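Heads up: the structure comes next, in structure tokens.
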Amino acid sequence: MTTTDFQKIDSAQLAHPTALKLSLPDPLPDDIQELFGKCQSKLGLIPNVLIAFAHRPEKLRAFSQMYNELMLGDSSLSKLEREMIAVAVSSINSCWYCQVAHGAAVREYSNKPELGEAMVMNYRYADLTSKQRIMLDFAVKVAKSSSEIGEGDRKLLRTAGFSEEDIWDICEVAAFFSMSNRMASATGMQPNPEYHAAAR
């Protein structure tokens, strides 16, 4: 698929969605045009996090590749479970952007608006399986106090039925969103308004 398959995105019309006075390259590189076109076509919007990183296209490429591998790539964790980790971690870190964007994803994947709401507010009150609760307790510990994680924590995950690869994936998603949360909050990143009404 080439950029000609999509309507060109005018970088001058894309305001930088953070509190920083940054501007996007004009014109946008072809691969960024293609990425934004795919988002517009599939999602009906260009996620503000991608626009935010696009002022340095090489940073966006690295961020996007990592995100896609973690959240959409092969894993025994379902896409919903990965989004649940994202929201639980983002809630602990009080990240406005990620709570809004990934809360919407939980609502969409679960088809349960109340689950997305509970995950944002306090996952401990959400309607979860015991296995999911153990997963999220661990993910939150990664976000809050990773240096305190010991073999007992990993043993709980194994006993719940998670494989060694699963444990790695839980760690990776939780750590990635801890980084993303800090970037979004520190730069004043604003979520796309469309997320608020999505999947309700």
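Model, not experiment: these values are computed from the prediction. Values reported hereafter were calculated over all heavy atoms of this structure, with side chains retained and with hydrogens, waters and symmetry mates removed.
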For the CD atom on Glu194, are there more than 12 heavy atoms of other groups (residues, nucleotides or ligands in this structure) within a distance under 6.0 Å?
yes
Which distance, rounded to the nearest 0.5 Å, do you find between the CG of Asn48 and the CG of Asn192?
3.5 Å
Backbone of Thr129 reached by a side-chain donor or acceptor of Gln132 within 3.5 Å:
yes
Are Met121 and Leu80 connected into the same hydrophobic cluster when the rule is that any two of I, L, V, M, F, W, Y join if their side-chain heavy atoms are below 4.5 Å apart?
no
Residues, nucleotides or ligands: over 12 heavy atoms within 6.0 Å of Lys131 NZ:
yes
For the residue pair Trp168 and Glu164, confirm or rule out a side-chain donor-acceptor distance under 3.5 Å.
no
Is Lys79 salt-bridged to Glu83, cutoff N-O under 4.0 Å?
no
Here the gap from Glu81 atom CD to Ser78 atom OG, rounded to the nearest 0.5 Å, amounts to 3.5 Å
Check Arg158 with Glu151, please: is the shortest side-chain N to carboxylate O separation under 4.0 Å?
yes
Do Phe63 and Val49 have side-chain heavy atoms sitting under 4.5 Å apart?
yes
Gly103 and Val120 have their tightest heavy-atom pair at CA-CG2, 4.1 Å
Roughly how far, to the nearest 0.5 Å, is the CZ atom of Phe53 from the CE atom of Met189?
6.0 Å
Met66 vs Glu172 side-chain heavy atoms within contact, under 4.5 Å:
yes
Flag the pair Leu45 / Pro47 as yes when at least one side-chain heavy-atom distance between them is below 4.5 Å, and no otherwise.
yes
Taking all heavy atoms of Ala88 and all of Leu136, pick out the closest pair and write down the distance.
CB-CD2, 4.0 Å
Do other residues, nucleotides or ligands put more than 12 heavy atoms under 6.0 Å from Lys141 NZ?
yes
Can you tell me how far CG of Leu35 sits from CD1 of Ile46, rounded to the nearest 0.5 angstrom?
8.5 Å
Kindly indicate whether the side chain of Leu157, heavy atoms from C-beta on, has any atom under 4.5 Å from the side chain of Ile170.
yes
Same apolar cluster (I L V M F W Y, side chains within < 4.5 Å links), Phe177/Ile149
yes
Where the side chain of Ser110 meets the backbone of Val106, is there a donor-acceptor pair that is under 3.5 Å apart?
yes
Tell me if the CZ atom of Arg133 is crowded by more than 12 foreign heavy atoms within 6.0 Å.
yes
Would a hydrophobic clustering, with Ile, Leu, Val, Met, Phe, Trp and Tyr connected at side-chain separations under 4.5 Å, put Val142 with Met179?
yes
Working for side-chain contact (heavy atoms from CB on, under 4.5 Å), residues Asp169 and Ser76
CA-CA 9 Å; Asp169 290 351; Ser76 294; 5.9 Å; no
Minimum heavy-atom distance between Thr187 and Met183, given as atom pair plus value:
OG1-O, 2.8 Å
Donor-acceptor pair between Tyr97 and Asn181 side chains, under 3.5 angstrom
no
Run the numbers on Ile32 and Arg61 for side-chain contact (heavy atoms from CB on, under 4.5 Å), then give the verdict.
CA-CA 8 Å; Ile32 306 301; Arg61 293 178 188 112; 4.3 Å; yes
Applying side chain to side chain contact (heavy atoms under 4.5 Å, CB included) to Val100 and not counting sequence neighbours gives Trp96, Pro191, Tyr195, His196
Test: Arg200 and Glu117 ion pair at under 4.0 Å
yes
Do Met84 and Tyr125 sit in the same hydrophobic cluster, where Ile, Leu, Val, Met, Phe, Trp and Tyr count as joined when their side-chain heavy atoms come under 4.5 Å apart?
no
Walk me through it: do Leu14 and Leu28 pass the test side-chain contact (heavy atoms from CB on, under 4.5 Å)?
CA-CA 11 Å; Leu14 295 175; Leu28 289 167; 4.2 Å; yes
Single-linkage hydrophobic cluster Leu43~Met71, side-chain heavy atoms < 4.5 angstrom:
yes
If you take all heavy atoms of Asn93 and Ala143, which pair is closest and at what distance?
ND2-CB, 4.2 Å
Exam field: side chain Glu69 to backbone Gly73, donor-acceptor pair closer than 3.5 Å:
no
Counting distance only, does the side-chain N/O of Gln99 pair as donor-acceptor with the main-chain N or O of Cys95 below 3.5 Å?
yes
Run the side-chain contact (heavy atoms from CB on, under 4.5 Å) test on Tyr123 and Asp137 for me, step by step, so that the C-alpha distance in whole Å, both residues' side-chain angles and the decisive distance to 0.1 Å come before the verdict.
CA-CA 9 Å; Tyr123 75 91; Asp137 286 343; 2.5 Å; yes
From Arg82 CZ over to Met135 CE, what is the distance, rounded to the nearest 0.5 angstrom?
10.5 Å
Nearest-0.5 Å distance that lies between atom CG in Asp166 and atom SG in Cys171
11.0 Å
Please determine whether the number of non-hydrogen atoms from other residues, nucleotides or ligands lying under 6.0 Å from atom CG of Asn68 exceeds 12.
yes
State whether the side chain of His102 and the backbone N or O of Ala86 hold a donor-acceptor pair below 3.5 Å, judged by distance alone.
no
Are the side chains of His55 and Leu20 in contact, using a 4.5 Å heavy-atom criterion?
no
For Ala199 and Ala104 the tightest heavy-atom approach is CB-O, 4.1 Å
Check Leu156 against Ile134 and note the closest heavy-atom contact, atom names and distance.
O-CG2, 4.0 Å
Taking side-chain contact (heavy atoms from CB on, under 4.5 Å) as the criterion, tell me which of Ser178, Ser185, Ser180 meets it with Arg182.
Ser178
